[in-house]
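In this text the structure is predicted, and so the values were computed from the model without any measurement.
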Amino acid sequence: QVQLVESGGGLVQAGGSLRLSCTASGRTNSIETMAWFRQAPGKEREFVAAIWWSNSRTFYATSVKGRFTISRDNAKNTVYLEMNSLKPEDTAVYYCAVSTMYGSTWSQSDYRYWGQGTQVTVSS
């Protein structure tokens with residue numbers, strides 16, 4: 001089992017920045033990919049960004065590319081999501097997720113462990 005705890009959400013004005021953190025505990029040696037997904041009110045959950053644990057290769061949704069940066073600190077078993085130039089449409093609950101499968105990227109079905117979510121609200 002892997003447990004995930006997210007932090008860093010909040011309220012920010014459009015154009016502002018936030019940094020989310022997600023720390024894993026438990027069977028962390030089974031982690032292959034950590035990712036962020038988000039779910040806006042009335043919408044389905046969608047992929048935001050992912051990072052491979054072995055080589056830090058990153059993947060982004062088109063809607064956030066160039067504005068968001070995913071990174072990780074292996075020693076702390078923590079993944080970060082730096083969000084810049086935030087827009088009202090970025091408002092959502094952001095979830096951290098772990099896949100124990102090699103090569104996972106955007107597919108939610110690859111991810112076995114999920115955090116509780118953290119709210120990000122961007123005001124216009």
Would you tell me whether Ser104 and Thr33 have side-chain atoms, one donor and one acceptor, within less than 3.5 Å of each other? no

Going by the rule side-chain contact (heavy atoms from CB on, under 4.5 Å), which residues pair with Ser107 if we only count those two or more places apart in sequence or in a different chain? Ser109, Asp110

Applying side-chain contact (heavy atoms from CB on, under 4.5 Å), can you list everything that pairs with Ser25, at least two apart in sequence or on another chain? Gln3

With clusters built from Ile, Leu, Val, Met, Phe, Trp and Tyr whose side-chain heavy atoms come within less than 4.5 Å, directly or transitively, what are the remaining members of the cluster of Tyr80, listed by chain and number? none

Return each pair, listed once, that meets ring pair (Phe, Tyr, Trp, His ring centres under 6.0 Å) where at least one residue sits in residues 81-105; pairs must be two or more places apart or across chains. Trp52-Tyr102

Tell me the disulfide bond (SG atoms under 2.5 Å apart) pairs involving residues 53-107, sequence neighbours left out? Cys22-Cys96

Can you name the residues that form a side-chain contact (heavy atoms from CB on, under 4.5 Å) with Arg112, not counting sequence neighbours? none

Going by side-chain hydrogen bond (donor to acceptor under 3.5 Å, both in side chains), name the residues that satisfy it together with Ser85, two or more places apart in sequence or in a different chain. none

Restricting to non-hydrogen atoms, name the atom on Leu4 and the atom on Ala24 that form the minimum distance, rounded to 0.1 Å. CD2-CB, 3.6 Å

Using the side-chain hydrogen bond (donor to acceptor under 3.5 Å, both in side chains) criterion, which residues pair with Gln116? Sequence neighbours excluded. Glu6

Partner residues of Glu82 under the side-chain contact (heavy atoms from CB on, under 4.5 Å) criterion, sequence neighbours left out: Arg19, Thr69, Asn84

Restricting to salt bridge (charged side-chain N to carboxylate O under 4.0 Å, His left out), what partner residues turn up for Glu32, sequence neighbours left out? none

With a cut-off of 6.0 Å (strictly less than), are more than 12 heavy atoms of other residues, nucleotides or ligands near CH2 of Trp114? yes

Trp53 to Arg72 - nearest heavy-atom pair and separation: O-NH2, 3.1 Å

Can you sort out the partners of Arg45 under side-chain hydrogen bond (donor to acceptor under 3.5 Å, both in side chains), two or more places apart, ordered by chain and number? Gln108

With Phe47 via ring-ring contact (aromatic ring centres under 6.0 Å, His included) - residues at least two apart: Phe37

